[in-house]
Amino acid sequence: MFSNVNLYNSDILFYSFLLKQNATAKRLVYLQSDSIRITLKMGKEITNRSEDYSQWYIDLVKKADLAENSDVRGCMVIKPYGFSIWEKMQTALDKMFKDTGHTNAYFPLFIPKSFLAKEASHVDGFAKECAIVTHYRLKNSPDGNGVIVDPEAKLEEELIVRPTSETVIWNSYKKWIQSYRDLPILINQWCNVVRWEMRTRLFLRTAEFLWQEGHTAHSTADEAIKETRQMLDVYADFVENFMAVPVIKGKKSEGEKFPGAIDTYCIEALMQDGKALQAGTSHFLGQNFAKAFDVQFTNKEGKLELVWGTSWGVSTRLMGALIMAHSDDDGLILPPKLAPIHVVIVPIFKTDEELNKISAKVDVISASLRKLGYSVKFDNRDNYKPGFKFAEHEMRGVPVRIAIGPRDLENGTVEVARRDTKEKQVMKMDDVVTEIPKLLDAIQGNIYQKALKFRNDNLRKIDSYDEFKKALDETPGFILAHWDGTKETEAAIKEETKATIRCIPLDAPEENGKCIYSGKPSNRRVLFARAY
RNA sequence: CGGGGUGUAGCGUAGCCCGGUAUCGCGCUUGGUUUGGGACCAAGAGAUCGUCAGUUCGAAUCUGGCCACCCCGACCA
């Protein structure tokens with residue numbers, strides 16, 4: 001987007017001149033030339049969504065200071081601001097896990113190659129994207145330049161950097177479980193995993209990512225299935241109520257399910273560009289891993305039985321969902337429940353004396369808001385103008401901004417602006433403590449409602465393959481359509497349209513119809529979309 | 001792993017065709033004026049031109065190898 005600047009060099013001079021004149025001229029510039037807009041004076045502008053959605057996403061992640069590309073291919077550096085959002089997610093989820101009886105533990109990063117091989121479909125699923133440790137020592141290079149891998153230090157058995165931990169964990173469960181009295185085991189771990197992806201995108205798909213993985217063991221299939229469904233509900237609850245992103249709960253088709261699972265359940269969210277994003281998964285593993293690792297228990301009748309398992313996870317990919325679901329062309333929009341900073345206060349002052357007077361008022365306001373549990377930042381930097389600060393905090397998605405200047409001191413007021421709608425209001429200083437909490441709640445509700453409306457407006461029932469293809473290209477979104485249930489049809493549709501079956505929605509009503517592809521009978525609709 | 005592209009200051013780039021150690025903007029530092037929607041002026045600091053080799057009196061520029069990254073496909077949460 002910067003490369004075309006030189007073509008317009010003279011235009012830039014002209015527009016720069018206009019910019020100095022007045023704000024109307026500035027708006028004119030925006031209307032006349034999007035490509036120039038960016039380069040004029042601001043280091044903070046991002047590409048418009050309508051222009052290039054994926055570039056908008058990349059710009060936003062970088063300009064909102066969430067993350068950046070690392071020098072290690074496919075990996076990212078999560079910056080402090082981005083990481084504090086992730087920490088908020090962790091805190092909320094961790095509490096929900098604890099409240100449902102789970103405890104945290106930690107299993108090793110390295111998995112012996114032989115473990116991974118024990119469950120056949122599991123190997124198939126991950127073999128192509130594993131990082132492998134083959135040596136344990138370096139030595140000085142004989143030519144004197146740097147270090148080389150010491151060929152003498154080859155590992156007896158190579159180690160896989162975990163792409164997921166089912167195998168190490170079930171290897172431990174074998175040692176822990178003898179009797180029905182040892183069950184259930186309800187464990188979660190927060191960790192990093194590595195999947196050597198060919199193509200990566202910040203947060204959405206990186207070679208290394210952070211996540212949580214729950215692994216539970218049960219004495220009956222029924223109990224394991226209940227656990228699987230319960231955790232799916234926990235995820236849906238979190239994503240909708242904290243992230244303010246509506247989701248559709250469903251079951252994966254055979255073709256899309258987790259390698260090693262009997263059933264995979266998921267929550268699917270719709271992004272602003274009409275593409276679906278899987279936001280969380282929960283697997284009923286049946287006895288597959290118990291079989292592979294020979295994990296048996298003695299039941300009440302004294303008979304040996306294989307243990308039933310589940311696993312479930314959400315990752316830093318949720319950050320991508322959060323960003324893409326709500327944000328606009330001015331930057332990030334964060335739900336107050338996950339915002340690292342709820343309220344930023346910007347002073348408007350000319351002299352130190354003015355700043356001191358304002359600071360005294362700000363201290364009172366922020367103390368009272370903090371007492372209510374809100375995080376408040378007083379942006380009293382003296383090297384930036386208020387306008388710059390406004391734009392910067394909008395870019396970073398701070399839900400509420402309060403501005404206080406000399407005029408406010410006189411009138412006993414403040415100016416309050418909300419990020420989601422950009423509305424401003426003048427408020428009595430005394431009302432701040434009662435009004436700001438209401439406003440934050442309103443923002444949380446509003447962005448959810450907005451996302452829900454978008455999702456519903458872009459959820460279509462379609463009954464013919466022609467319409468299906470047309471909709472994918474012209475009005476991308478979720479499509480509910482009949483499917484004959486075969487993997488051949490699923491694969492053919494994927495091949496021809498790039499749309500996949502996101503899930504078979506749990507609340508899908510029985511409904512007789514014909515498969516849009518084969519014309520064969522179907523008794524319920526499934527959810528299709530192009531996906532991240 | 002196929003197809004295309006790019007590597008020059010923290011970031012974005014000019015220069016390369018036609019060899020003589022480097023342009024501009026943003027950012028940074030200092031000083032001053034500013035501050036209710038992305039300030040301005042002045043002075044400064046900052047680059048072994050991805051890497052290795054070759055040609056040459058002399059290489060960012062020409063030649064060859066290597067490396068890295070980006071985009072498009074196949075694969076994937």
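Below, chain A is the first sequence line, B the second, and so on; all start at residue 1.
- Base orientation of B/U21: syn (glycosidic angle within 90° of 0).
- A distance of about 47 Å separates the P atoms of B/C71 and B/U34, rounded to the whole Å.
- In this structure, the CZ atom of A/Phe390 is 6 Å from the C1' atom of B/G36, given to the nearest Å.
- Look at CG on A/Asn383: it is 16 Å from C1' on B/C26, rounded to the nearest Å.
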Identify all side-chain donor-acceptor contacts of residues 353-360 of chain A below 3.5 Å with residues at least two apart in sequence or on another chain.
unit_1   : atom_1 : unit_2   : atom_2 : d
A/Glu354 : OE1    : A/Lys350 : N      : 2.6
A/Asn356 : ND2    : A/Asp352 : O      : 3.3
A/Ser359 : OG     : A/Leu355 : O      : 2.8

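- For the P atom pair drawn from B/C66 and B/G2, the interatomic distance equals 13 Å after rounding to whole Å.
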* **Summary of protein contacts for nucleotides 67-77 of chain B, nucleotide by nucleotide, where a base hit scores B, a sugar-phosphate-only hit scores S (4.0 Å, heavy atoms)** => --S--SSBBBB

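- A cation-pi geometry, defined here as NZ or CZ lying under 6.0 Å from the six-membered ring centre and within 45° of its normal, holds between A/Lys275 and A/Tyr532.
- Taking atom C1' in both B/G38 and B/A42, one finds a spacing of 22 Å when rounded to whole Å.
- B/C62 and B/C26 have their P atoms separated by 30 Å, with the value rounded to a whole Å.
- One N or O donor and one acceptor, one from the side chain of A/Lys424 and one from the base of B/G37, sit under 3.5 Å apart.
- For the side-chain hydrogen bond (donor to acceptor under 3.5 Å, both in side chains) test, no residue two or more places apart in sequence or in another chain qualifies with A/Trp170.
- The ring-ring contact (aromatic ring centres under 6.0 Å, His included) test applied to A/Phe390 returns no partner, not counting sequence neighbours.
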Listing, residues 252-262 of chain A side-chain donor-acceptor contacts under 3.5 Å, not counting sequence neighbours, or none:
unit_1   : atom_1 : unit_2   : atom_2 : d
A/Lys252 : NZ     : A/Glu268 : OE2    : 2.9
A/Lys252 : NZ     : A/Gln278 : OE1    : 2.9
A/Lys252 : NZ     : A/Arg502 : O      : 2.9
A/Ser253 : OG     : A/Glu256 : N      : 3.4
A/Ser253 : OG     : A/Glu490 : OE1    : 3.3
A/Ser253 : OG     : A/Glu490 : OE2    : 2.5
A/Glu254 : OE1    : A/Lys257 : NZ     : 3.4
A/Lys257 : NZ     : A/Ala261 : O      : 3.0
A/Lys257 : NZ     : A/Ile262 : O      : 3.4

* To do: Check the pair A/Met231 / A/His102 against side chain to side chain contact (heavy atoms under 4.5 Å, CB included), numbers first and verdict last.
  => CA-CA 11 Å; A/Met231 297 323 287; A/His102 303 85; 3.5 Å; yes

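- The salt bridge (Lys or Arg N to Asp or Glu O under 4.0 Å) contacts involving residues 405-416 of chain A comprise nothing, where partners must be two or more places apart or lie in separate chains.
- Consecutive Watson-Crick or G-U pairing (both distances under 3.5 Å) extending over three or more pairs maps onto RNA chain B as B:1-7 with B:67-73, B:10-12 with B:24-26, B:28-33 with B:39-44, B:50-54 with B:62-66.
- Applying the ring-ring contact (aromatic ring centres under 6.0 Å, His included) criterion to A/Phe209, with sequence neighbours excluded, gives A/Trp211.
- Using P as the reference atom, B/G58 and B/A53 are 15 Å apart when rounded to the nearest Å.
- Residues passing the side-chain hydrogen bond (donor to acceptor under 3.5 Å, both in side chains) test with A/Thr206, sequence neighbours excluded: none.
- Spacing between B/G46 and B/G10 at atom P, rounded to whole Å, works out to 12 Å.
- Rounded to whole Å, atom C1' of B/A39 lies 14 Å from atom CG of A/Asp382.
- For A/Arg396 and A/Tyr81, the positive end sits near the middle of the six-membered ring, less than 6.0 Å away and at most 45° from its axis.
- Rounded to a whole angstrom, the distance from the C1' atom of B/A14 to that of B/U6 is 16 Å.
- Rounded to whole Å, the distance from NZ on A/Lys389 to P on B/G38 is 14 Å.
- Comparing the same atom, P, in B/G64 and in B/C28 gives a spacing of 43 Å after rounding to whole Å.
- Across all strands, A/Glu394 comes closer than 4.0 Å to base atoms (heavy-atom distances).
- For RNA chain B, the residues of residues 347-366 of chain A within the heavy-atom distance limit of 4.0 Å (strictly under) are A/Ile348, A/Phe349, A/Lys350, sorted by number.
- Atom-to-atom, CD of A/Glu392 to P of B/C26 comes out at 18 Å; the value is rounded to the nearest Å.
- Counting non-hydrogen atoms under 4.0 angstrom, A/Arg401 reaches a base of the nucleic acid.
- Atom-to-atom, CG of A/Asp379 to C1' of B/G37 comes out at 14 Å; the value is rounded to the nearest Å.
- Screening A/Ile365, A/Ile348, A/Val346 against A/Ile404 for a side chain to side chain contact (heavy atoms under 4.5 Å, CB included) leaves a single residue, A/Ile365.
- Take A/Lys62 and apply the side chain to side chain contact (heavy atoms under 4.5 Å, CB included) test, not counting sequence neighbours, and it matches A/Ile58, A/Asn69, A/Leu202.
- Among residues two or more places apart in sequence or in another chain, the side-chain hydrogen bond (donor to acceptor under 3.5 Å, both in side chains) test is passed with A/Glu435 by A/Lys438.
- Positionally, the nearest nucleotide of RNA chain B for A/Tyr384 lies more toward the 5' end than for the other of A/Ala417 and A/Tyr384.
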